[in-house]
Amino acid sequence: MKEYYQILVADDDPAQRMLLKMCLEQGGYSVMEAKNGTEAYEILDREQEVRLVITDLDMPVMNGFDLIRMVRNSDLRYRYIIVLTSSEEKESLVRALSLGADDYIAKPVMVEELLLRIESGVRLLRLEIQEELILALAKLAEYRSDETGYHLERIQHYTRILARDLAGKYPYLKISSQLAEEFARVSPLHDIGKVAIPDAILHKPGKLTAAEFEIMQTHTTIGGELLREIQSKSGSYYLQIASDVAMYHHEKYNGRGYPEGLAGEDIPVAARIVALADMYDAMTSQRCYKEPFSHEKTKNILIKERGEHLDPKMVDSFLEQEDVWLAIRDRFGD
Amino acid sequence: MDKQEKQLPPPIEIARLKEHFKKMYNLNEVQIGMMLVSSAQSLRTTLEGIEEYLQVEPNLAEIAKLSHSLKGLLLNMGEEEWADIARSLELSAAADRDEDYSGLLEQLKWGAKEMLLFGKS
């Protein structure tokens, strides 16, 4: 089972690499080696199954700091990074952790400690697998709604750029860069409640009757309560955000939305962000009941809804970055 | 060197190193053999590198880097006292201090002499 997790050891000293490899193989792990940061990055780019990295900091060609920075700033899959350090190198350690390293181990390496720290990394990566399963369920819900293609990916990207922009402009919203990323990660779960909506309503090509619309509206409470129930068992902050998004992404800024008629800043900020992302994507995409609107037509609708359906801050952010939205729409076109 | 030898840690011994690799890292005989070869090579490369950077105009920045690597190598070998000497070399070079770098290097070479000959035929 442990062989599923491959570990990359990056160190310019062959003896250090050999020793770590021998210790890790004792623990049942499969090990790859790199003698500098450049080689390490090439391996990580090529070998998606390498999920854990142990890196020295002082290496030629590319050092460990630059390796960490490159890995965290890239689109590569998340890797759990442990840095090798000497006990007196506190400043280097702080720098490595601030760049995004997950943990450290001091030389000389003790085998037991090394394997325990690796197991911490494995536990964290298991949580990511659970998250991927949850997102797979979101995708199933979308397939049922006939929303194929890259709808969820676009929503994630729109959510991310909105959240990051708002984080910089409105500190009182308390959106850290990590929280912005969480918003993006949970955004695909916004319509998970649709799994409970009958086909006849979900796929109706024409306008819904009042009764049908009432049933359709329940996808917010169904999805929100489902996620809240899982969240209450796991205590996961990620699922708390997901629950808010699913429950409240159809609330309107002016209080005339559903399910609870929340208004303004009472609507959780993640839900307000996803509301705009979802609205833009729905309008610019093909649906069983409509053809896609142009970007310009959609933009004019969003401007009209500024302060009504949508939070003015969100609309203003969209207007400032509409080129980026267009680029995302083009890159992830269906 | 006699007076200095009294102040220096005992030289690195292969027998002691074998025992260290077995006890601390649970390595088998084949693995211990591989580690001895690799460690000896790393020691040679590092000490020769320091010696080269001490020629004519010492390159203290490079000496500090190599001493840092040497320190890590010696710690893995269980030689904490020798690692301390490598650390002194590293810190002095990093701080650009006026130091007897050649003297420190000779101490380290003396301490590692058995390892420096290992695997060289």
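These numbers were taken from a predicted model, which means no experiment stands behind them. Proteins come first, then strands; the chains are lettered A, B, ... in the order of their sequence lines, and each starts at number 1.
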**Q** If I take atom CD from residue A/Q16 and atom CG from residue B/L75, how far apart are they, to the nearest 0.5 angstrom?
**A** 9.5 Å
**Q** Look at atom CD of A/E91 and say whether more than 12 heavy atoms of other residues, nucleotides or ligands are closer to it than 6.0 Å.
**A** no
**Q** If I take atom CE from residue A/M18 and atom CG from residue B/L27, how far apart are they, to the nearest 0.5 angstrom?
**A** 10.5 Å
**Q** Hey, does the side chain of A/Q26 reach the backbone of B/Y25 with a donor-acceptor pair shorter than 3.5 angstrom?
**A** yes
**Q** Take atom OH in A/Y237; do more than 12 heavy atoms of anything else shown fall under 6.0 Å from it?
**A** no
**Q** Verify the neighbour count for atom CZ of B/R16: are there more than 12 heavy atoms of other residues, nucleotides or ligands below 6.0 Å?
**A** yes
**Q** With a cut-off of 6.0 Å (strictly less than), are more than 12 heavy atoms of other residues, nucleotides or ligands near NZ of B/K22?
**A** no
**Q** Roughly how far, to the nearest 0.5 Å, is the CG atom of B/L70 from the CG atom of A/D13?
**A** 9.5 Å
**Q** Only heavy atoms, only distances under 4.5 angstrom. Which residues in residues 29-36 of chain B are near chain A?
**A** B/Q31, B/M34, B/M35
**Q** Enter the distance from B/N26:CG to A/C23:SG here, rounded to the nearest 0.5 Å.
**A** 9.0 Å
**Q** For chain B, which residues from residues 108-115 of chain A lie under 4.5 Å away (heavy-atom distances)?
**A** A/P108, A/V109, A/V111
**Q** With sequence neighbours left out, which residue pairs that include part of residues 67-77 of chain B fulfil the salt bridge (charged side-chain N to carboxylate O under 4.0 Å, His left out) condition?
**A** A/E88-B/K71, B/K71-B/E90
**Q** List the atom of A/S86, the atom of B/H68, and the distance in Å for their closest heavy-atom pair.
**A** OG-CE1, 3.9 Å
**Q** Does A/E47 CD have over 12 foreign heavy atoms under 6.0 Å away?
**A** yes
**Q** Could you measure the distance from the OG atom of B/S38 to the CG atom of A/L19? Nearest 0.5 Å is fine.
**A** 9.0 Å
**Q** Around A/Y104, counting heavy atoms of other residues, nucleotides and ligands shown, do more than 12 lie under 6.0 Å from its OH?
**A** no
**Q** Within residues 39-50 of chain B, which positions have a heavy-atom distance to chain A below 4.5 Å?
**A** B/S39, B/S42
**Q** More than 12 heavy atoms of other residues, nucleotides or ligands under 6.0 Å from CD of A/E25: is that the case?
**A** yes
